[in-house]
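Data block below; observations after.
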Protein chains: 2
Amino acid sequence: MDTADDSSLGPLTEDVPSTGFLDDGKNTIGSQLASRLREAIISGELEAGSKINLDKARKTFNVSLSPLREGLARLISDGLVEFQDNRGYRVAPISLANLEEVTSLREELEVFALRESMRLGDVEWEGNIMRALHRLNRSERDAARPETLEQWEALHREFHLTLISGCGKPLLLHFCSLLLNLNDRYRRVFLIRTSGDRNVGQEHSEIAQGAVARDVDYACEKLRQHIHRTGTNLRNHLAAKGIA
Amino acid sequence: MDTADDSSLGPLTEDVPSTGFLDDGKNTIGSQLASRLREAIISGELEAGSKINLDKARKTFNVSLSPLREGLARLISDGLVEFQDNRGYRVAPISLANLEEVTSLREELEVFALRESMRLGDVEWEGNIMRALHRLNRSERDAARPETLEQWEALHREFHLTLISGCGKPLLLHFCSLLLNLNDRYRRVFLIRTSGDRNVGQEHSEIAQGAVARDVDYACEKLRQHIHRTGTNLRNHLAAKGIA
DNA sequence: GCTTGACAAATAATCGATTATTCTGATAGT
DNA sequence: ACTATCAGAATAATCGATTATTTGTCAAGC
């Protein structure tokens with residue numbers, strides 16, 4: 001039980017959006033690998049805690065060691081990969097404790113960032129929220145079609161990041177983005193569909209409405225509850241699968 | 001004005017504490033480089049914002065590209081180095097805005113971590129604080145002898161991390177450690193000696209006393225003020241040097 | 001039976017050389 | 001003069017091979 005089952009990881013063919021020009025920094029093999037691996041980990045394609053064998057990965061992706069290490073190194077910053085000298089890389093493990101920390105820190109940091117955004121955000125920020133909300137609410141999650149799940153996840157992530165994008169604190173945004181990554185991995189791996197007693201769409205709407213209306217206490221409390229509920233929900237799913 | 005003046009960076013000879021055994025993970029060249037470079041950046045030896053020329057660095061440190069990139073990649077996680085595809089690495093720039101964010105986030109995160117530590121920390125945690133405080137207060141900062149500054153910085157960092165080490169949240173500790181790194185760079189570069197109207201030693205003592213006495217509001221407020229004062233102090237020094 | 005040590009296989013780290021990309025600055029055209 | 005273009009230099013990225021370290025296995029000794 002040492003090596004990840006990477007059977008379904010095809011060779012990398014990054015889907016460049018072909019917006020025409022403007023090199024947005026996904027050019028090197030190392031970068032493409034980082035994206036590919038990030039997706040593989042968050043989606044659960046690479047099992048949490050499993051060792052990443054460099055030689056096998058090299059063959060799987062048809063690359064040399066250098067860009068492979070490069071890509072993996074970046075995922076360390078994301079908290080998705082762990083590393084030890086002379087022992088190589090492994091997919092960051094998951095645990096109840098980790099999930100609870102991620103949830104707790106999201107409540108603390110995302111709410112703080114939302115508060116700051118409401119203090120500092122301008123009209124463009126408001127507009128971005130409404131757009132992100134609309135796109136998210138229009139998106140459908142069909143468990144039968146994985147690509148819709150991926151799409152929803154991307155829009156959901158986008159919504160949460162947009163909410164706090166007005167805070168003017170790059171480091172804080174970075175931390176939140178990181179926590180969101182970790183959180184999304186739990187959802188994608190453990191949550192096929194959201195629990196029945198929630199209307200997640202409405203929760204998002206309430207947060208967004210409160211934010212643009214600058215009702216600080218309301219919006220922050222709604223966001224906190226939203227995060228907390230997701231945490232509780234996920235915790236139950238982890239417990240059901242016997243994960244400590 | 002593109003390339004860092006790395007003239008004073010000697011070849012790497014990591015001072016292994018030679019505690020005898022127990023490989024604590026500083027064995028590879030990449031790791032040693034990471035330590036060496038981290039120190040060089042925090043101490044200001046490598047100028048903020050300067051480009052890191054791989055070829056020159058390779059010669060300076062007498063290493064090959066692979067471990068050099070490896071080491072630099074780790075400093076990206078620390079927020080001390082920035083990277084762009086095909087354009088290489090540069091020392092993370094400093095700015096008033098960044099200092100203010102670091103200070104603001106330290107107030108938020110370190111105080112939160114202290115509160116959690118006071119809620120969860122055990123007697124060992126208390127003991128560690130008293131030890132760290134004692135060692136810090138015994139250490140002297142003599143501007144004429146750089147090694148005492150380094151020593152003080154290490155102990156100071158140790159004290160702050162120990163304070164919050166009982167929080168049981170590895171990710172939070174990681175964030176705080178990172179912010180402390182960034183903060184220390186500002187201090188080491190801009191602050192030869194602490195401003196006259198402060199008794200930093202007493203501030204540390206008050207925080208520590210409050211923490212072990214579990215006087216949550218007192219300790220947290222003292223810590224917050226401590227961080228805030230340092231921020232203000234540093235901001236003045238930056239402003240005096242005309243840094244925006 | 002259990003530990004210890006030596007060897008071999010597997011794996012990670014590093015190197016030197018090669019390829020790809022970006023930067024520079026000289027030149028030609030407007 | 002000013003901008004655009006292109007060759008050559010500088011620099012970053014990648015590769016394939018080599019070296020170092022760890023892990024697994026098995027036999028000897030207790």
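Just so it is clear, the model here is predicted, and its values are computed rather than measured. Chain A is the first sequence line, chain B the second, and so forth, proteins listed ahead of strands; every chain is numbered from 1. Every heavy atom of this structure was used, including side-chain atoms; hydrogens, water molecules and symmetry mates were not.
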Item checked: N or O in side chain of B/Arg58 less than 4.0 angstrom from D/dT11 OP1/OP2 -> no

Next item on the list: Check whether any side-chain N or O of B/Asn86 sits under 4.0 Å from OP1 or OP2 of C/dT22, and answer yes or no.
Entry: yes

Note to self: Using whole Å, what does the distance between atom P of nucleotide C/dT14 and atom CD of B/Glu70 come to?
What the structure shows: 7 Å

Check: Of B/Pro67 and A/Leu54, whose closest DNA chain C nucleotide lies nearer the 5' terminus?
Finding: A/Leu54

Checklist line | Parallel, tilted or perpendicular: ring planes of A/Tyr186 versus A/Phe190, cut at 30 and 60 degrees | finding: parallel

Checklist line | Rounded distance (Å) that lies between atom C1' of C/dC23 and atom CZ of B/Arg90 | finding: 13 Å

Notebook entry, point to check: Is B/Arg135 salt-bridged to B/Glu158, going by a charged N under 4.0 Å from an acidic O?
Noted result: no

Checklist line | Trace of the salt bridge (charged side-chain N to carboxylate O under 4.0 Å, His left out) decision for B/Arg74 with B/Asp78 | finding: CA-CA 7 Å; B/Arg74 301 205 199 160; B/Asp78 291 354; over 6 Å; no

Next item on the list: Please state how far atom CZ in A/Phe83 lies from atom P in C/dA12, giving the value in whole angstrom units.
Entry: 10 Å

Checklist line | Phosphate OP1/OP2 of D/dA12: any B/Lys51 side-chain N/O under 4.0 Å | finding: yes

Note to self: Does this structure show an ion pair linking B/Glu100 with B/Arg235, if we count only N-O contacts that are shorter than 4.0 Å?
What the structure shows: yes

Next item on the list: Specify the separation, in whole Å, of atom CG of B/Asp55 and atom P of C/dT19.
Entry: 18 Å

Notebook entry, point to check: Whole Å only: how far is the CD1 atom of A/Ile29 from the P atom of D/dC15?
Noted result: 4 Å

Check: What integer distance in Å separates B/Asn53:CG from D/dA9:P?
Finding: 18 Å

Check: Rounded to the nearest Å, what distance is computed from the CD atom of residue A/Gln84 to the P atom of nucleotide C/dT11?
Finding: 17 Å

Margin query: Assess the residue pair B/Glu39 and B/Arg188 against the criterion (salt bridge (charged side-chain N to carboxylate O under 4.0 Å, His left out)); give the C-alpha distance rounded to whole Å, side-chain angles, the decisive distance to 0.1 Å, and a yes or no.
Written below: CA-CA 11 Å; B/Glu39 175 59 24; B/Arg188 291 194 47 182; 2.9 Å; yes

Check: What integer distance in Å separates A/Phe61:CZ from D/dT14:P?
Finding: 15 Å

Notebook entry, point to check: Looking at D/dT14, D/dT23, C/dC23, which one has an atom nearest to any side-chain atom of B/Arg87?
Noted result: C/dC23

Checklist line | Along DNA chain D (nearest heavy atom to each residue), the more 5'-positioned of A/Ser64 and B/Gly88 | finding: B/Gly88

